[in-house]
Amino acid sequence: RQMCIRDRKSPAHAVVPAASGSLVTKIWKGLNEFASLGLIESANTQMHLVQAGGCAPIAQAFEEGSTHVRPVRPNSIAKSLAIGNPADVVYALQVVKDSGGSATIVPEEEVSAGMKLLAETEGIFAETAGGLVISALKRLTQLARSNPMSPRLLSLQVTASKHWRL
């Protein structure tokens with residue numbers, strides 16, 4: 001919020017951990033409300049939904065081009081995000097599509113690696129959702145490097161709020 005109001009624009013990208021899919025829809029709604037109130041120029045943020053490999057029904061549906069999930073039995077270190085039959089999948093997938101974003105499945109072993117990287121580089125000890133976001137950010141950044149036209153400012157939704165310029 002502070003970054004949007006200070007800069008009067010939305011971030012180019014938002015990397016959002018997903019359980020039910022609700023958080024990505026609420027961030028998107030907030031950005032659009034900021035734009036309608038004139039607090040930011042426009043809500044042109046690409047929304048990137050991320051889930052851990054042990055419970056990724058929304059990201060799997062995105063990869064399959066479906067608007068429905070196949071319920072899964074969660075088996076993930078990211079317990080706070082382990083919802084095998086998410087309620088807001090249709091809305092979350094619509095936000096990802098409308099924003100030109102993506103859905104990423106992060107392998108389980110990369111979740112704790114992301115937590116470690118965040119702690120070592122920024123001094124932030126996040127729970128597993130934070131590690132998931134950092135690992136997804138690394139993956140998305142590697143993809144962006146192959147496309148020189150991709151914007152470099154990413155806003156993260158983690159336990160502690162932090163913005164990086166890549």
Side-chain angles (χ1 to χ4, degrees), residues 1-7 10-31 33-34 43 45-63 69-96 99 101-144 151-166:
R1 184 186 90 192
Q2 291 87 353
M3 185 180 88
C4 289
I5 293 172
R6 181 191 68 222
D7 297 342
S10 65
H13 300 269
V15 181
V16 183
S20 71
S22 179
L23 183 59
V24 73
T25 66
K26 301 306 184 253
I27 292 172
W28 180 247
K29 182 177 190 275
L31 290 170
E33 287 178 357
F34 277 6
T45 301
Q46 290 182 352
M47 303 299 291
H48 303 282
L49 179 147
V50 299
Q51 293 189 297
C55 188
I58 302 173
Q60 189 66 44
F62 178 83
E63 286 183 359
V69 298
R70 274 181 282 126
V72 300
R73 184 176 303 261
N75 183 20
S76 176
I77 187 175
K79 301 292 185 205
S80 64
L81 303 175
I83 296 179
N85 192 8
D88 293 321
V89 64
V90 173
Y91 307 111
L93 289 171
Q94 191 63 51
V95 164
V96 170
S99 71
S102 65
T104 301
I105 299 172
V106 174
E108 287 293 321
E109 59 275 6
E110 291 182 24
V111 175
S112 56
M115 292 170 66
K116 182 178 178 187
L117 179 63
L118 187 58
E120 290 175 346
T121 60
E122 300 297 326
I124 298 171
F125 184 77
E127 53 103 21
T128 52
L132 177 69
V133 169
I134 295 301
S135 293
L137 173 62
K138 282 179 61 177
R139 289 171 165 269
L140 291 167
T141 302
Q142 290 166 351
L143 292 173
R152 298 291 192 222
L153 181 66
L154 298 138
S155 178
L156 302 179
Q157 178 68 33
V158 295
T159 303
S161 180
K162 187 91 175 172
H163 302 282
W164 285 271
R165 190 172 286 280
L166 302 174

So, for [X] and [Y], which heavy atoms are closest and what is the spacing to 0.1 Å?
X: Gln51; Y: Ala18; result: NE2-O, 3.4 Å
X: Glu108; Y: Ala78; result: OE1-N, 4.4 Å
X: Val50; Y: Leu132; result: O-CD2, 3.7 Å
X: Leu140; Y: Ser102; result: CD2-OG, 3.8 Å
X: Met47; Y: Ile27; result: CE-CG2, 3.6 Å
X: Trp28; Y: Thr45; result: CZ3-O, 3.2 Å

Rounded at 0.5 Å granularity, tell me how far [atom1] in [X] sits from [atom2] in [Y].
X: Leu81; Y: Ser76; atom1: CG; atom2: OG; answer: 7.0 Å
X: Leu118; Y: Leu137; atom1: CG; atom2: CG; answer: 10.0 Å
X: Ser135; Y: Glu109; atom1: OG; atom2: CD; answer: 9.5 Å
X: Gln60; Y: Cys55; atom1: CD; atom2: SG; answer: 11.5 Å

What do the steps show when you test Phe62 against Leu49 for side chain to side chain contact (heavy atoms under 4.5 Å, CB included), and what is the final call?
CA-CA 10 Å; Phe62 178 83; Leu49 179 147; over 6 Å; no
Apply the side chain to side chain contact (heavy atoms under 4.5 Å, CB included) test between Tyr91 and each candidate in Val95, Leu93, Asp88; give the one that qualifies.
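It is Asp88, the one option of Val95, Leu93, Asp88 that forms the side chain to side chain contact (heavy atoms under 4.5 Å, CB included) with Tyr91.
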Identify the residue among Val89, Ile83, Ile105, Val90 that makes a side chain to side chain contact (heavy atoms under 4.5 Å, CB included) with Ile58.
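Running side chain to side chain contact (heavy atoms under 4.5 Å, CB included) over Val89, Ile83, Ile105, Val90 with Ile58 returns exactly one hit, Val89.
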Taking the side chain as every heavy atom from C-beta outward, state whether Thr128 and Met115 have any atom pair closer than 4.5 Å.
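They are in contact (side-chain heavy atoms under 4.5 Å apart), so the answer is yes.
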Restricting to side-chain hydrogen bond (donor to acceptor under 3.5 Å, both in side chains), what partner residues turn up for Ser80, sequence neighbours left out?
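Ser80 satisfies side-chain hydrogen bond (donor to acceptor under 3.5 Å, both in side chains) with Glu127 only.
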With Glu63 via side-chain hydrogen bond (donor to acceptor under 3.5 Å, both in side chains) - residues at least two apart
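For Glu63, no residue satisfies side-chain hydrogen bond (donor to acceptor under 3.5 Å, both in side chains) once neighbours in sequence are set aside.
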Any chance you could lay out the salt bridge (charged side-chain N to carboxylate O under 4.0 Å, His left out) test for Glu110 and Lys138, step after step, and finish with the verdict?
CA-CA 10 Å; Glu110 291 182 24; Lys138 282 179 61 177; over 6 Å; no
